[in-house]
Amino acid sequence: MSAANVQKLCETTREKLKSVIGKMEIFLNQNALPQLVTEDDEETLLFYQGFLSDLRHLLVFSEMSYEKLGVALRRATFDDAFAQKALYNVYHFGVNNFFYPKNESYSEDGRYAYTGQDAIRFRKKPVRPARDIILDITKVYEELRDDLSYYENDYLTEKRMQNQV
């Protein structure tokens with residue numbers, strides 16, 4: 001991948017991260033367990049504790065990636081290796097954590113991915129704000145997954161081959 005392509009990918013990825021970071025911050029600043037737990041049972045409480053924990057982790061990963069991409073783009077000379085590693089981290093720590101949250105409060109059902117329907121399925125029916133934030137940022141993380149698919153396997157394969165030569 002050429003340095004110009006990597007630089008452009010850093011710019012577009014950073015902009016996409018900025019948009020989801022803003023949305024997650026608003027949601028997390030306005031919602032806590034008391035706003036989300038509407039049913040008085042332990043299962044609901046555990047669901048939202050896990051949901052909020054996953055969202056906070058995703059926010060931190062996304063913010064760290066946003067900053068790293070900013071550093072890559074601000075350097076006097078564009079450091080292709082640094083930028084590629086930052087993009088790799090966006091994919092593995094941001095995109096993967098969105099689609100495979102640790103607490104599994106939601107998951108992607110691939111059967112719906114190309115039907116125009118929401119591919120995200122929640123483990124428990126969430127309150128509207130919790131549902132809306134996930135569905136709102138899903139499209140951006142889907143775009144990031146598509147944009148950064150090279151970093152899923154090919155990037156590491158290429159790095160390994162370079163080290164063996």
Side-chain angles (χ1 to χ4, degrees), residues 1-31 51-122 126 128-163:
M1 190 178 293
S2 75
N5 288 344
V6 172
Q7 187 170 2
K8 182 68 178 156
L9 189 55
C10 284
E11 291 168 358
T12 59
T13 299
R14 192 165 189 263
E15 284 305 308
K16 289 175 182 177
L17 286 173
K18 182 179 181 181
S19 75
V20 293
I21 287 168
K23 291 173 182 181
M24 286 187 282
E25 283 180 336
I26 289 169
F27 175 82
L28 289 169
N29 286 336
Q30 294 176 348
N31 293 278
F51 177 83
L52 289 171
S53 176
D54 287 339
L55 201 56
R56 286 194 291 283
H57 281 99
L58 182 62
L59 176 59
V60 170
F61 290 136
S62 297
E63 287 174 331
M64 287 172 36
S65 294
Y66 176 83
E67 291 304 317
K68 288 260 188 198
L69 291 170
V71 168
L73 291 167
R74 286 191 301 271
R75 288 191 167 167
T77 342
F78 187 74
D79 183 343
D80 188 63
F82 180 85
Q84 291 225 35
K85 182 152 174 115
L87 290 168
Y88 170 85
N89 286 333
V90 171
Y91 187 88
H92 284 276
F93 296 111
V95 173
N96 279 346
N97 277 301
F98 176 77
F99 287 105
Y100 305 102
K102 178 182 172 189
N103 292 293
E104 300 177 343
S105 41
Y106 64 87
S107 62
E108 180 183 38
D109 187 339
R111 295 175 293 183
Y112 294 96
Y114 303 103
T115 63
Q117 297 178 21
D118 295 325
I120 299 296
R121 298 290 177 243
F122 291 89
R128 187 156 224 35
R131 178 186 174 279
D132 289 350
I133 184 59
I134 296 302
L135 296 182
D136 197 19
I137 64 177
T138 297
K139 183 174 177 7
V140 177
Y141 281 102
E142 286 173 346
E143 290 172 7
L144 287 169
R145 179 172 58 188
D146 291 344
D147 294 349
L148 303 173
S149 62
Y150 166 76
Y151 297 96
E152 182 176 14
N153 293 316
D154 298 343
Y155 171 75
L156 280 182
T157 302
E158 187 177 305
K159 289 303 234 183
R160 285 187 191 115
M161 291 180 76
Q162 287 172 358
N163 289 339

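Each residue takes its place number in the sequence, starting with 1.
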Fill in: Test side-chain contact (heavy atoms from CB on, under 4.5 Å) applied to L59 and F61, step by step
CA-CA 6 Å; L59 176 59; F61 290 136; over 6 Å; no

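- Heavy atoms only, all atoms of each residue included: Q84 and V6 are closest at NE2-CG2, 3.6 Å.
- Considering every non-hydrogen atom in both F82 and K68, the closest pair reads CE2-O, 3.5 Å.
- Panel note: side chain H57, backbone S53; a donor-acceptor pair is recorded below 3.5 Å.
- Within the 4.5 Å cutoff, the side chain of R56 has no heavy atoms near those of the V60 side chain.
- Residues I133 and L28 are not in side-chain contact: their nearest non-hydrogen atoms beyond the backbone lie 4.5 Å or more apart.
- In terms of modelled atom types and a separation under 3.5 Å, the side chain of T13 and the main chain of C10 share no donor-acceptor contact.
- Counting heavy atoms from C-beta on, the side chains of M64 and N89 never come closer than 4.5 Å.
- Using a 4.0 Å cut-off between a side-chain N of Lys or Arg and a carboxylate O of Asp or Glu, K102 and D54 do not qualify as a salt bridge.
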Worksheet item: Does the side-chain contact (heavy atoms from CB on, under 4.5 Å) test come out yes or no for F51 and I134, once each step is laid out?
Response: CA-CA 10 Å; F51 177 83; I134 296 302; 3.4 Å; yes

Worksheet item: Please walk me through it: do F98 and I137 pass side-chain contact (heavy atoms from CB on, under 4.5 Å)?
Response: CA-CA 9 Å; F98 176 77; I137 64 177; 3.7 Å; yes

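- Judged by distance alone, the side chain of D79 and the main-chain N or O of A81 form a donor-acceptor pair under 3.5 Å.
- By the 4.5 Å heavy-atom criterion applied to side chains, D136 and V20 are not counted as neighbours.
- Proximity of a side-chain donor or acceptor of N97 to a complementary backbone N or O of L58 within less than 3.5 Å is not detected.
- The closest donor-acceptor contact from the side chain of H92 to the backbone of L87 lies at 3.5 Å or more, if one exists at all.
- In the model, S62 has a side-chain atom that pairs as donor or acceptor with a side-chain atom of Y141 under 3.5 Å.
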Item to complete: Might you work through the side-chain contact (heavy atoms from CB on, under 4.5 Å) test for V140 and L17, ending with a clear yes or no?
Response: CA-CA 8 Å; V140 177; L17 286 173; over 6 Å; no

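- Geometrically, R145 does not engage Y91 in a cation-pi contact, judged by NZ or CZ lying under 6.0 Å from the ring centre and within 45° of the ring axis.
- Although no hydrogens or angles enter the test, the distance criterion places a donor-acceptor pair under 3.5 Å between the side chain of N31 and the main chain of F27.
- Sparse packing is recorded around CD of E104, with 12 or fewer heavy atoms of other residues, nucleotides or ligands lying under 6.0 Å away.
- Using modelled atom types, one side-chain atom of R14 and one backbone atom of Y66 make a donor-acceptor pair closer than 3.5 Å.
- Contact check for E63 versus K18: no side-chain heavy atoms found under the 4.5 Å cut-off.
- Other residues, nucleotides and ligands place more than 12 heavy atoms under 6.0 Å from the NZ atom of K23.
- Geometric assessment of R121 against the ring of Y106 yields a negative cation-pi assignment under the 6.0 Å and 45° thresholds.
- Judged purely by distance below 3.5 Å, without hydrogens or angles, the side chains of Y100 and E108 never pair a donor atom with an acceptor atom.
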